[in-house]
K.L.:
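Before I ask anything, let me first share the structure, which is written out below as structure tokens.
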Amino acid sequence: MPRGLFVTFEGVEGAGKSTQIGLLAACLQERGVAHLTTMEPGGTPLGVLLRRQLLNDANIRPNQMAELFLFCADRAQHLAQVIIPALSHGRCVLCDRFTDSTLAYQGYARGIDVAMIKSLCAITAGEILPDATFLLDIPAAVGLERVGKRKHGACFAEQGGVTAASVSPVATTPNFDGFEAEELSFHQRVREGFLRIAAEDPQRVIVIDGLLSTGEIAARIKTVMMRILER
């Protein structure tokens, strides 16, 4: 049985990856293409626990090296339990973040030696590399603004639809957590890291303007995917 396609989506916080993965999955479903959507961290039961520690638990903050190794641990489990089995059965795997995020966040943004991270990613992923990567590129400030609006909307919904004037400012303030809580300069370095990765591997990484409309982005991704599937 031929190996399935491995497609990853990358970008800064708020770039719109989840939305586009959902739209592409629907497109593949319409065409009868067997596929699987997944994410890092959190694509396995172990990954869910690691995600909680890495992104959601303010009381447990690993240092930079611990953070790096936890992401690698999540990936090792994710590959063994989800990605490799799906690819071996010919399915198209759509993954929200992969090794490029580790390079961008822990390497270019955190400042950990990039060569070392590349070695760790190679050890963890082995021969499993994305066939294509869609990088949704937006200014870091725009991404954080989107995240803030999304979280504000979730907070409003939890309040039962009451007006902002009827609840305290604390109740309506977006609760940034994990990487979202980092300084803007951190997220700018993440974006610069992604663009550097794309420049070094233009055959694999397709940069798409994340400021385009949702429909325009989806159309561009669909065009590339159809071309890849026809190979």
Side-chain angles (χ1 to χ4, degrees), residues 4-31 33-44 47-48 51 54-55 71 74-75 78-79 82-84 86-87 91-109 121 124-125 128-140 142-144 146-147 150 178-180 187 190-229:
L5 285 173
F6 184 29
V7 180
T8 58
F9 286 72
E10 301 284 5
V12 298
E13 308 298 319
K17 296 180 286 76
S18 299
T19 297
Q20 292 301 327
I21 289 173
L23 291 173
L24 180 56
C27 177
L28 295 177
Q29 180 71 30
E30 291 176 359
R31 284 159 176 74
V33 178
H35 65 281
L36 169 75
T37 63
T38 188
M39 65 189 295
E40 288 193 358
T44 65
V48 171
R51 184 181 184 87
L54 286 163
L55 304 180
F71 275 114
D74 169 78
R75 182 163 301 127
H78 191 205
L79 282 161
V82 177
I83 296 175
I84 292 175
L87 292 176
R91 301 176 75 181
C92 179
V93 176
L94 309 179
C95 188
D96 187 339
R97 298 199 183 283
F98 195 59
T99 53
D100 293 325
S101 276
T102 307
L103 284 172
Y105 280 80
Q106 281 68 54
Y108 293 112
C121 288
T124 305
I128 304 299
L129 298 174
D131 295 290
T133 296
F134 292 105
L135 171 57
L136 306 185
D137 179 51
I138 60 171
V142 173
L144 291 177
R146 288 180 178 179
V147 173
R150 184 172 67 229
F179 291 112
E180 298 163 356
H187 295 280
V190 170
R191 184 194 184 195
E192 291 166 2
F194 277 129
L195 291 174
R196 183 169 177 176
I197 292 167
E200 293 174 351
D201 195 356
Q203 295 301 312
R204 172 179 65 87
V205 184
I206 301 99
V207 181
I208 296 178
D209 183 356
L211 296 180
L212 295 173
S213 71
T214 298
E216 288 176 303
I217 295 172
R220 295 191 180 195
I221 291 174
K222 176 183 174 182
T223 297
V224 174
M225 278 299 298
M226 293 305 105
R227 187 163 61 242
I228 293 173
L229 288 169

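Predicted model, so just to flag it, every value in this text is computed and none were measured.
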K.L.:
Quick one: list whatever passes side-chain contact (heavy atoms from CB on, under 4.5 Å) with I206, sequence neighbours left out.
P.N.:
A132, F134, I208, V224
K.L.:
Is the distance between the ring centroids of Y105 and F71 under 6.0 Å?
P.N.:
no
K.L.:
Under the rule for side-chain contact (heavy atoms from CB on, under 4.5 Å), what residues qualify as partners of E30, not counting sequence neighbours?
P.N.:
none
K.L.:
To the nearest 0.5 Å, what is the distance between OG1 on T38 and NE2 on H78?
P.N.:
2.5 Å
K.L.:
Residues in ring pair (Phe, Tyr, Trp, His ring centres under 6.0 Å) with Y108, at least two apart?
P.N.:
none
K.L.:
Looking only at non-hydrogen atoms, find the nearest pair between L135 and V205 and report the distance.
P.N.:
CB-CG1, 3.9 Å
K.L.:
Among residues at least two apart in sequence or on other chains, which ones pass side chain to side chain donor-acceptor pair (under 3.5 Å) with R191?
P.N.:
D137
K.L.:
Taking side chain as C-beta onward, heavy atoms only, is L5 less than 4.5 Å from V33?
P.N.:
no
K.L.:
The criterion is side chain to side chain donor-acceptor pair (under 3.5 Å); which residues satisfy it with S213, sequence neighbours excluded?
P.N.:
E216
K.L.:
Are the side chains of P139 and L211 in contact, using a 4.5 Å heavy-atom criterion?
P.N.:
yes
K.L.:
Under the side-chain contact (heavy atoms from CB on, under 4.5 Å) rule, collect the residues that match up with A34, sequence neighbours excluded.
P.N.:
R91
K.L.:
With sequence neighbours excluded, tell me which residues meet side chain to side chain donor-acceptor pair (under 3.5 Å) with T37.
P.N.:
none
K.L.:
Side chain to side chain donor-acceptor pair (under 3.5 Å) with E192: which residues, sequence neighbours excluded?
P.N.:
none
K.L.:
Tell me, please, which residues at least two apart from R204 pass side-chain contact (heavy atoms from CB on, under 4.5 Å).
P.N.:
D100, P130, T133, I197, D201
K.L.:
Taking only residues two or more places apart in sequence or in another chain, which ones pass salt bridge (charged side-chain N to carboxylate O under 4.0 Å, His left out) with R146?
P.N.:
none
K.L.:
Within the structure provided, determine whether V190 and F179 are in side-chain contact (heavy-atom separation under 4.5 Å).
P.N.:
no
K.L.:
Does anything in residues 14-26 pair up under salt bridge (charged side-chain N to carboxylate O under 4.0 Å, His left out), and if so which pairs, sequence neighbours excluded?
P.N.:
K17-D96
K.L.:
Quick one: are T102 and R75 in side-chain contact, heavy atoms under 4.5 Å?
P.N.:
yes
